[in-house]
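Here is the naming used below: chain letters follow the sequence lines, and residue numbers restart at 1 for every chain.
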There are 2 protein chains.
Amino acid sequence: MEKQQSGLIGRPRGFDADEALERAMLVFWEHGYEGASTAILTNAMGISTTSMYAAFGNKEKLFRRVLERYTEGPSAYLARALEEPTALHVATAILAGTVRTTTRPAHPHGCLGVQSALTTSDSGQEVRDLLVAWRNNGYCCIQERFQRAVDEGDLPPQTDPGLLARYLTTFAYGIAVQAASGVGRDELRKMADAVLRNWPLI
Amino acid sequence: MEKQQSGLIGRPRGFDADEALERAMLVFWEHGYEGASTAILTNAMGISTTSMYAAFGNKEKLFRRVLERYTEGPSAYLARALEEPTALHVATAILAGTVRTTTRPAHPHGCLGVQSALTTSDSGQEVRDLLVAWRNNGYCCIQERFQRAVDEGDLPPQTDPGLLARYLTTFAYGIAVQAASGVGRDELRKMADAVLRNWPLI
DNA sequence: CAGCTTCTGTAGCGATCGCTGCGGAAGTTG
DNA sequence: CAACTTCCGCAGCGATCGCTACAGAAGCTG
């Protein structure tokens with residue numbers, strides 16, 4: 001049911017699944033996983049409930065697809081940042097990307113991966129765990145990158161890459177909360193700059 | 001209906017409102033505002049729906065009472081921290097209190113004021129705004145305290161108290177997210193210590 | 001065209017949401 | 001004791017939740 005698995009036979013889909021995902025992402029981003037009802041979602045996607053379930057399975061699977069899209073879209077700055085040549089460049093790119101993405105005009109403020117399901121009812125536990133794993137994956141990638149920086153002599157040998165990655169992600173999560181609370185881009189950027197002036201700090 | 005306004009006439013309340021509030025706080029803390037259904041709440045409080053509505057008005061008013069209780073209870077470390085003699089002592093007490101409160105065993109992890117309503121459906125907007133104001137109030141208190149520290153010569157005169165308060169709260173929010181994600185107390189404390197070794201940083 | 005597969009609009013499923021009317025039970029006052 | 005006030009368990013309100021059965025419409029293949 002997910003996609004045309006038996007070829008191109010039959011009536012083709014009457015909507016752009018990619019654009020529907022984009023609009024669903026904005027709704028989840030703003031209202032969170034449980035705060036986004038199927039009615040609001042399908043209305044924003046411009047399709048009927050039936051079409052949404054035929055194309056994506058159910059609400060949780062739709063959210064998983066949205067999270068993939070978010071990772072490769074608004075949150076892609078993380079993967080790009082890890083390829084920067086030095087740890088300072090990595091940290092700079094991560095904080096700059098966090099501020100930019102969490103305060104983009106005409107987009108929901110904050111980070112979808114942080115605020116979509118920090119707390120849930122019992123029925124949302126799986127999505128909550130999914131996002132915990134998502135955030136933890138980001139942390140692990142940064143940690144490994146900093147470990148490499150230590151190995152290459154880019155960071156002092158006594159540096160704890162895990163603690164440094166924890167420091168950076170903690171700061172990024174905090175920025176996401178501030179942005180979701182309405183704090184402006186300029187103020188957050190000034191703060192991030194100040195943090196980077198004291199790199200690596202730990 | 002809130003309390004016995006006409007004196008002590010009539011049948012007295014059959015439960016301890018204070019303990020009921022405490023239990024409601026734990027439920028909101030763990031599941032968030034919208035994730036905590038009235039059924040779960042009243043079940044945890046050990047009272048019927050009718051009793052809850054008679055004593056507290058409705059779910060939103062119950063949450064407001066819970067937030068007050070949280071401010072004066074688990075989050076009271078903030079008010080105490082502001083009375084510390086120096087800005088460094090203030091920052092140390094705030095971060096230590098944040099780590100302790102967000103990772104207390106047998107309590108929900110994270111901060112109720114951060115994670116209860118970062119995102120909501122339309123019907124939860126007021127509570128979301130309430131928590132934005134709650135966090136902003138904390139920020140303002142810290143800012144004023146740092147302004148005093150500048151005036152007293154405790155902090156360098158070129159220090160921006162607002163930016164420094166933003167830095168500290170950002171870090172505290174990040175700790176709350178990490179704690180809600182399951183990161184342990186020891187690791188967060190080590191990180192907070194490292195941050196404080198470079199005070200004031202900004 | 002016929003025959004087939006797939007999409008989609010309507011309508012509604014059972015469950016749960018926050019909340020309330022009602023009447024008897026329980027504790028107060030005289 | 002009687003009279004009164006308040007509490008509370010039961011039952012259920014209308015609305016919404018995520019989700020689906022059904023049937024006709026639409027586009028594909030021969």
Chi angles and distances behind the ring pair (Phe, Tyr, Trp, His ring centres under 6.0 Å) call for Phe28(A), Tyr70(A): CA-CA 11 Å; Phe28(A) 278 130; Tyr70(A) 183 78; over 10 Å; no
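No side-chain N or O of Thr92(B) forms a donor-acceptor pair with one of Trp199(B) less than 3.5 Å apart. Of the N and O atoms on the side chains of Thr119(A) and Gln115(B), not one donor lies less than 3.5 Å from an acceptor on the other residue. Counting only N and O atoms by type, the side chains of Ser181(B) and Arg135(A) include a donor and acceptor under 3.5 Å apart. Under the 3.5 Å distance criterion, with hydrogens and angles disregarded, no donor-acceptor pair is assigned to the side chains of Thr120(B) and Glu34(B). Neither side chain, Thr98(A) nor Tyr173(A), offers a donor N or O lying under 3.5 Å from an acceptor on the other.
Put simply, the side chain of Ser51(B) never gets that close to the backbone of Ile47(B): no donor and acceptor are under 3.5 Å apart.
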Under 3.5 Å, which N/O atoms of the protein pair with N/O atoms of nucleotides 17-19 of chain D?
residue : atom : partner  : partner atom : Å
dC17(D) : OP1  : Ser37(A) : OG           : 3.2
dG18(D) : OP1  : Lys59(A) : NZ           : 2.7
dG18(D) : OP2  : Thr38(A) : N            : 2.8
dG18(D) : OP2  : Thr38(A) : OG1          : 2.9
dC19(D) : OP2  : Tyr53(A) : OH           : 2.7
dC19(D) : OP2  : Lys59(A) : N            : 3.0
dC19(D) : O5'  : Tyr53(A) : OH           : 3.1

Check nucleotides 21-25 of chain C against the protein and report each pair of N or O atoms closer than 3.5 Å, with its distance, or say if there are none.
residue : atom : partner  : partner atom : Å
dA25(C) : N3   : Arg11(B) : NH1          : 3.3

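Atom P of nucleotide dG9(D) and atom CE of Met45(B) are separated by 13 Å, given to the nearest angstrom. The CD1-P distance, from Ile47(B) to dG9(D), rounds to 9 Å in whole Å. In this entry the distance linking CG of Asn43(B) with P of dT16(C) reads 14 Å, nearest Å. The nearest whole Å value for the distance from the CZ atom in Phe15(A) to the C1' atom in dT6(C) is 12 Å. Rounded to an integer number of Å, the gap from Asp122(A) CG to dT16(C) P is 11 Å.
The phosphate of dC7(D) (OP1 or OP2) has no side-chain N or O of Ser51(B) nearer than 4.0 angstrom. Between Ser48(B) and the phosphate of dC8(D), there is no side-chain N or O to OP1/OP2 separation shorter than 4.0 Å.
Geometric assessment of Arg166(B) against the ring of Tyr139(B) yields a positive cation-pi assignment under the 6.0 Å and 45° thresholds.
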